Amino acid sequence: MENREFARILAETADLMEIAGEDGFRIRSYRNGASTIEGYTESIGDILADPARKVTDVPGIGKGLAAVLQEIALRGSFDKRDELLTKFPPAALDFLKIQGLGPKGIALIFEHFRITTLDELEQLCRDQKLRDLPRMGAKLEEKVLRSIAHLKERSGRFLLSFADNVAQELKESLAGLAGIEAITVAGSLRRGRETIGDLDLLVTGPNAEAALDKVGANPRVHEVLGRGPTKTSVKWGREGLQVDVRAVDHASFGAAMQYFTGSKEHNVALRQRAIRMGFKLNEYGLFHGDGETRAAGETEEGIYQALGLDWIPPELRENQGEIELAEAHALPKLVEQRQVRGDLHMHTTATDGRASLEEMAEAARALGYEYIAITDHSKALAMTFGLDEKRVVEFARTVRKVNETGDLGIHIFSGVECDILQDGEMDIAWDALAELDLVIGSVHGHMNQEPAVMTDRLLRAIECPHLTALGHPTGRLLLHREAFAFDFDKVITEAVAQGVWLEINSSPERLDLSATHVRAAKAKGAKFIVSTDAHHPKHLLNMQYGILTARRGGLEAEDIVNTYTRECFAQQRRGVKS
Ligand code: DGT
Ligand code: CA
Ligand code: CA
Ligand code: ZN
């Protein structure tokens, strides 16, 4: 079990206790435990499983919590949680995911209405009954309705990184099998979507069917949902990600890749084009009008070519104009990960990171980067031991010295991830920010402001002449928290006018900006940084997900400043550029 999962179960139990009106001490201990575990670099599951180790050695985990964790590892829940779940309807856990209610609001609703499901809560809002309760009103009803719609839409989806890891594990498990020519990912994962409904894999080769059996027999497979002559569907792990594996003939492999990569909308448009040109297109191939003679099918390129199109990168296959561009040979030359020369957002042990500046630098150097920026938190995030002005200035000085010696073999830019306070003021005084090479401004608190207030807050932040980039500009957490509302056009227009860059935060639970926002911002002339927000050296590898998002947004290397050489990058920064 992943640390995040342990943390989720603890935090959720704390919320249930709050709904039940229980006392604060244990609630706090579960919440603190959850945040400790979430940020802990080592796997709690591994420590629990190792008889030579004690989970109480993890700072912040006492005996009580240790017993709870042991129980969770064993059966995915624990006594206290079970007890609470008998008190409340199972949907209480879904209620907790609704924006704007919180445990107190839910307790109030349970007190006054006999409802047990999300549908019933939805009906309450439609009937305008929530507003009868204290401190609830029409606005909240609307917010809850929006949130329920969102929840229904995302339920049963998984993070891109999770599906990607499962795909890698499956591919490795099949690697030794004889008579397999290729195992490829298709579907939304190949298109790099931020969340994945199910995982689609294609296998080809004379022995492809054996791969279907091998997947079914994988110990991580929870259940085989169905097995046909050329397809198997399984549920992976306790998380229950569905995996569809299809065995495909060599001659149809390209056609199957094309079809099962999707998107559905792209396929529909492509098939219509094929029909107009006198072809038939399906997952077996591109056929001439008689339906028998194959015009293409072995490779994807062949299919697109026969249809008079350049090959379209999967990330663009959403029927958003890519077919027209492919016809005109005008597709963007999408950025590639190897073009990235540095990572500009990461944390160290100076605040809530898990590795030192030297360790982060070494990991980045090993990835072949030319430069990185260290951007620890600012003092508003007191729990992370955020930097104040004095520490900012000292840090800038330290970095200058480190660079002079050249000992690290990589250039360090001194930076900060400075909180954008409630009113748009920067958390660090301007004269201290002026000492740094790079200032990422991020919103971390008071995210529930009215859209107009949030818009003004961001505009005010942009007025600070030392702000280099807006970090995770919409604050969304995938499958967890929606983007906060603000006038996107207005803020982006101003950012572009002032030369403030926009971040594509690559951490898998953010991917913020989203591809849609990236596309809109590029149209306005925005420049981007794609960065990982790493709190540990291993997080530097998340760059791949940010790059996928950038590609889905149609970005070329030119649009992303951390593909520039160090000199070029340094000159392009706001305030430096003449
Ligand atoms: P997901 O799984 O919800 O994240 O999204 P996809 O795109 O992976 O969707 P999925 O797994 O249902 O289907 C995989 C691909 O198969 C999809 O992208 C396009 C193709 N496909 C599925 N159903 C249809 C269909 O009814 N018509 C066409 N043209 N293609 C389809
Ligand atoms: Ca899929
Ligand atoms: Ca599927
Ligand atoms: Zn950060």
Side-chain angles (χ1 to χ4, degrees), residues 150-171 183-204 211-212 215-216 221-228 230-237 239-248 252-277 279-287 296-297 300 303-304 307 309 312-320 322-323 478-479 508-509 511 514-516 545 548-549 551-552:
H150 195 78
L151 202 64
K152 285 186 171 170
E153 193 183 286
R154 79 193 186 201
S155 67
R157 295 193 70 82
F158 295 82
L159 291 181
L160 170 64
S161 55
F162 177 76
D164 186 35
N165 287 331
V166 173
Q168 295 313 326
E169 211 173 318
L170 274 171
K171 281 173 93 169
I183 310 160
T184 353
V185 167
S188 50
L189 179 58
R190 182 161 180 242
R191 303 200 310 281
R193 264 197 72 172
E194 61 226 319
T195 62
I196 304 298
D198 67 14
L199 174 55
D200 302 281
L201 282 182
L202 301 179
V203 187
T204 190
L212 303 188
V215 169
V221 163
H222 213 63
E223 187 188 350
V224 177
L225 300 168
R227 171 72 157 92
T230 60
K231 180 183 171 188
T232 187
S233 285
V234 302
K235 284 253 177 231
W236 181 270
E239 296 88 351
L241 172 68
Q242 182 174 327
V243 184
D244 295 337
V245 191
R246 293 179 175 84
V248 178
S252 307
F253 191 59
M257 282 274 282
Q258 198 292 311
Y259 182 88
F260 291 111
T261 295
S263 67
K264 200 170 156 184
E265 291 73 17
H266 174 88
N267 286 357
V268 168
L270 203 65
R271 192 163 54 225
Q272 281 163 356
R273 180 183 176 87
I275 292 168
R276 277 201 305 277
M277 294 175 70
F279 290 113
K280 261 175 64 178
L281 176 64
N282 57 32
E283 66 261 52
Y284 302 106
L286 181 72
F287 298 91
E300 265 195 346
I303 291 175
Y304 284 102
L307 292 172
L309 301 172
I312 301 175
E315 294 92 336
L316 294 178
R317 299 184 196 171
E318 301 289 346
N319 195 29
Q320 290 184 346
E322 73 277 9
I323 295 179
L478 287 164
L479 308 179
E509 41 283 299
L511 296 177
S514 69
T516 314
Y545 304 119
L548 278 172
T549 301
R551 287 168 62 88
R552 286 176 62 77

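What you see is a predicted model; the values in this text were computed from it and never measured. We count ligands from 1, going down the list as the structure has it; atoms in each ligand are counted the same way.
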### Query
Thinking salt bridges, do E300 and R190 make one under a 4.0 Å N-O criterion?
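A salt bridge links E300 with R190.
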Indicate yes or no: does R317 engage E322 in a salt bridge with an N to O separation below 4.0 Å. no
Could you tell me which atoms of ligand 1, counted from 1 in the order shown, lie closer than 4.0 angstrom to a heavy atom of [X]?
| X | value |
| --- | --- |
| G187 | 8 (O) |
| N267 | 19 (C), 20 (C), 29 (N), 30 (N) |
| I196 | 4 (O) |
| D200 | 8 (O), 11 (O), 14 (C) |

For [X] and [Y], which heavy atoms make the closest approach, and how far apart are they?
| X | Y | answer |
| --- | --- | --- |
| V248 | A256 | CG1-CB, 3.6 Å |
| F158 | L241 | CD1-CD1, 3.5 Å |
| V203 | A211 | CG1-CB, 3.8 Å |
| K171 | I183 | CE-O, 3.3 Å |
| L212 | R227 | CD1-NH1, 3.6 Å |

Look at [atom] and say which protein heavy atom is nearest, naming residue and atom and giving the distance to 0.1 Å.
| atom | value |
| --- | --- |
| atom 7 (O) of ligand 1 | R191 NH1, 2.9 Å |
| atom 26 (O) of ligand 1 | K264 CE, 3.3 Å |
| atom 11 (O) of ligand 1 | D198 OD1, 2.8 Å |
| atom 14 (C) of ligand 1 | F260 O, 3.6 Å |
| atom 18 (O) of ligand 1 | G262 CA, 3.1 Å |
| atom 24 (C) of ligand 1 | Y259 OH, 3.7 Å |

Between atom [atom1] of [X] and atom [atom2] of [Y], what is the distance when rounded to the nearest 0.5 Å?
| X | Y | atom1 | atom2 | result |
| --- | --- | --- | --- | --- |
| R552 | S514 | CZ | OG | 9.5 Å |
| L548 | R193 | CG | CZ | 13.5 Å |
| I312 | L270 | CD1 | CG | 7.0 Å |

Where the Ca ion (ligand 2) is the vertex, angle from D200 OD2 to D198 O to 10°: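 That angle works out to 100° after rounding to 10°.
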Distance-only N or O hit between ligand 1 and [X], under 3.5 Å:
| X | value |
| --- | --- |
| G197 | yes |
| S188 | yes |
| S263 | no |

Subject >> Pair Q258-Y304, side-chain donor/acceptor within less than 3.5 Å >> reply: yes
Is a side-chain donor-acceptor pair under 3.5 Å present for D244 with Q242?
->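 The criterion, which ignores hydrogens and geometry beyond distance, is satisfied for D244 and Q242.
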Look up atom 9 (O) of ligand 1 and tell me if a protein heavy atom lies less than 4.0 Å from it?
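No; the ligand atom in question lacks any protein heavy-atom contact below 4.0 Å.
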| Would you say atom 3 (O) of ligand 1 touches the protein, meaning some protein heavy atom is under 4.0 Å from it? |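 Under the 4.0 Å cut-off, atom 3 (O) of ligand 1 does have protein heavy-atom neighbours.
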Counting heavy atoms under 4.0 Å, the part of R271 that contacts ligand 1 is side chain
The N/O/S atom of D244 lying closest to the Ca ion (ligand 3) is OD2
Taking only non-hydrogen atoms of T261, do any sit less than 4.0 angstrom from ligand 1?
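Yes, T261 has a heavy atom closer than 4.0 Å to ligand 1.
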field: R157 heavy atom under 4.0 Å from ligand 1
entry: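 So R157 counts as touching ligand 1.
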